[in-house]
There are 2 protein chains.
Amino acid sequence: MKERIIDVAQALVQSRGFNAFSYRDLADRILIRTASIHYYFPKKDDLARALIERYRSDFEGAIQDIDCTARSPQDRLSAYLKMFLELSKGGSRLCLFAVFSAELPSLSETVQEEIKIFYEKNIQWIGDVIDDGRRAGLFSFPGGSRDVASAIFSFLEGEMLVQRVFPSKEPFPEVPDAIRILLSWGP
Amino acid sequence: MKERIIDVAQALVQSRGFNAFSYRDLADRILIRTASIHYYFPKKDDLARALIERYRSDFEGAIQDIDCTARSPQDRLSAYLKMFLELSKGGSRLCLFAVFSAELPSLSETVQEEIKIFYEKNIQWIGDVIDDGRRAGLFSFPGGSRDVASAIFSFLEGEMLVQRVFPSKEPFPEVPDAIRILLSWGP
DNA sequence: GTCTATAAGATGATAGAC
DNA sequence: GTCTATCATCTTATAGAC
């Protein structure tokens, strides 16, 4: 049940935002009473934290999978992008953290801190991968790998916003051209 | 008065989101009663439309200013970026449209349409500028200018989300490195 | 134009029966 | 665990006095 509530809540956050849905919205969709949801998540902030925790652990699990299979930097980055887009259901759902960032000052301190950790982990990981790639002569870019990693991550988060507004746009290619250019990643 | 309401409302939207503030929040800040706000903006959707209209006209005015002074593609793009960041008050405020995109499905059809127009205008303009730049041999990038313009815009919107989470990060340079790389824009 | 007063409904939350 | 019942509060919105 707990998982099911999180499922539905996540879908609502990713489409409307955290402040634009109520326990009633959840209850109606799950066919349960709001009091039952309060049993699992007494305060709405508890729900926010649970949402983040699962999303983040999904992400970290996926990243570990990628690291374990230990392929080339290119394959790792490709796999990351694919996973990123999958979790967001191709734009109809935003990245959970893009939504939370947009509403950041309305969220609790704890949640804000969790969001920061998520961003940090992602940028760190991308930075490591492209650094590996550069050392192997596969990628080429000026400056620090962290800056480029941050730019890639910003681009991905922003691209979801744009894609939401233009659903007619062709779906994300597996590796967006912008990233290929940023990394001088030849075809 | 109307302008003042829009000022305060815009600040609230850019920090918390459209669904996370109420007429009461506005009233408390402006030292007025909620009924008075309803006099100017009967429905909250009227306020949303007014917000968008002003933001968009500010943007278009600024873009026209840039076009009239008719400088080089590089200067035009620099000026655009500077304006973009100014309107967003350096990350403490998100781009109004980044917030609206994040909450898109919770907004009215009319508002959604306006958001689309804003995005379209911006991407179109950036595309024209970098196309000019490419023809003049100042920029170099593979593929269509619209795709690169879209990537630049996505990056900017996303960068604001990231900057909000890491306020300690150094402020946006006038022309972010990512954009220099995307355009092969030498120093 | 701004106010008081107020309505109708939503919202987050709790107590207590089953 | 799930329910009914209930709460205080907030939210959007309107009517009508000044």
Side-chain angles (χ1 to χ4, degrees), chain A residues 1-54 96 99-100 102-112 114-115, chain B residues 1-54 96 99-100 102-112 114-115:
Chain A
M1 191 71 239
K2 215 166 179 171
E3 285 297 307
R4 212 166 132 220
I5 295 170
I6 295 180
D7 285 341
V8 177
Q10 183 176 321
L12 282 170
V13 175
Q14 288 181 306
S15 84
R16 304 192 202 165
F18 187 73
N19 296 306
F21 80 92
S22 65
Y23 273 45
R24 203 190 195 178
D25 292 321
L26 291 174
D28 289 348
R29 279 167 176 74
I30 303 172
L31 299 176
I32 206 179
R33 301 284 137 167
T34 60
S36 305
I37 303 178
H38 278 287
Y39 168 76
Y40 294 102
F41 307 102
K43 318 263 170 183
K44 208 182 176 187
D45 187 63
D46 297 320
L47 179 54
R49 289 208 305 277
L51 239 35
I52 286 178
E53 203 176 318
R54 197 187 68 173
L96 190 69
V99 182
F100 278 135
E103 298 176 304
L104 203 71
S106 74
L107 305 171
S108 73
E109 288 282 327
T110 323
V111 168
Q112 292 190 29
E114 297 254 24
I115 293 169
Chain B
M1 191 69 240
K2 215 167 178 173
E3 285 297 305
R4 208 161 138 225
I5 296 170
I6 295 180
D7 285 341
V8 177
Q10 182 176 321
L12 282 170
V13 174
Q14 287 181 307
S15 83
R16 304 191 201 167
F18 187 73
N19 297 305
F21 80 91
S22 65
Y23 272 46
R24 203 189 195 177
D25 292 320
L26 291 175
D28 289 348
R29 279 167 177 74
I30 303 172
L31 300 175
I32 205 179
R33 301 285 137 168
T34 59
S36 306
I37 304 177
H38 278 288
Y39 169 76
Y40 295 102
F41 307 101
K43 318 264 169 179
K44 209 182 176 188
D45 188 63
D46 296 321
L47 179 54
R49 288 208 308 276
L51 240 33
I52 287 178
E53 202 176 321
R54 197 187 66 173
L96 189 70
V99 182
F100 277 136
E103 298 177 304
L104 202 71
S106 75
L107 305 171
S108 73
E109 288 281 326
T110 322
V111 168
Q112 292 190 29
E114 296 254 25
I115 293 169

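What's counted below: heavy atoms across the whole structure, side chains too, no hydrogens, waters or symmetry copies. Lettering of chains follows the sequences in order, A, B, ..., and the numbering in each one begins at 1.
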Whole-Å distance separating the OH atom of B/Tyr23 from the P atom of C/dT4: 18 Å

CA sep, side-chain torsions, deciding dist, call: B/Met1, B/Ile32, side chain to side chain contact (heavy atoms under 4.5 Å, CB included): CA-CA 10 Å; B/Met1 191 69 240; B/Ile32 205 179; 3.9 Å; yes

Result of checking A/Arg54, A/Arg29, A/Lys2 against A/Asp7 for side chain to side chain donor-acceptor pair (under 3.5 Å): A/Arg54

Integer-rounded Å distance: C/dG12 C1' and A/His38 NE2: 5 Å

A/Leu26 CG to C/dA10 P, straight-line distance once rounded to whole Å: 16 Å

Distance, rounded to the nearest Å, where A/Leu12 contributes CG and C/dG12 contributes C1': 16 Å

List, with names and distances, any nitrogen or oxygen atoms from the protein found under 3.5 Å away from nitrogen or oxygen atoms belonging to nucleotides 8-10 of chain D.
from	atom 1	to	atom 2	distance (Å)
D/dC10	OP2	B/Arg24	NH1	3.3

Expected output: side-chain B/Asp25 to main-chain B/Ser22 donor-acceptor under 3.5 Å: yes

Flag for B/Asn19-B/Ser106: side-chain donor and acceptor within less than 3.5 Å: yes

Charged N-O contact under 4.0 Å between B/Arg49 and B/Asp46: yes

Find every protein N or O atom lying less than 3.5 Å from an N or O atom of nucleotides 2-4 of chain D, and list the pairs.
from	atom 1	to	atom 2	distance (Å)
D/dT2	OP2	A/Tyr40	OH	2.4
D/dC3	OP2	A/Arg33	N	2.9
D/dC3	OP2	A/Ser36	OG	2.8
D/dT4	OP2	A/Arg33	NE	3.4

Heavy-atom donor-acceptor pair, A/Glu114 side chain to A/Glu53 backbone, under 3.5 Å: no

Nucleotide C/dT11, atom C1' - distance to CG of A/Asp28 in whole Å: 13 Å

Donor-acceptor pair, side chain of B/Glu103 and main chain of B/Gly17, under 3.5 angstrom: no

Sugar-phosphate, base or nothing in reach of B/Phe21, heavy atoms under 4.0 Å: sugar-phosphate

Distance, rounded to the nearest Å, where B/Phe41 contributes CZ and D/dT14 contributes P: 15 Å

Side-chain N or O of B/Lys2 closer than 4.0 Å to phosphate OP1/OP2 of C/dG1: no

Distance, rounded to the nearest Å, where A/Arg16 contributes CZ and C/dA10 contributes C1': 13 Å

N/O donor-acceptor pair under 3.5 Å between B/Gln112 side chain and B/Leu104 backbone: yes

Verdict with supporting geometry, A/Leu26 and A/Phe21, side chain to side chain contact (heavy atoms under 4.5 Å, CB included): CA-CA 8 Å; A/Leu26 291 174; A/Phe21 80 92; 3.8 Å; yes

Euclidean distance, atom CG of residue A/Asp25 to atom P of C/dG12 [Å, nearest integer]: 8 Å

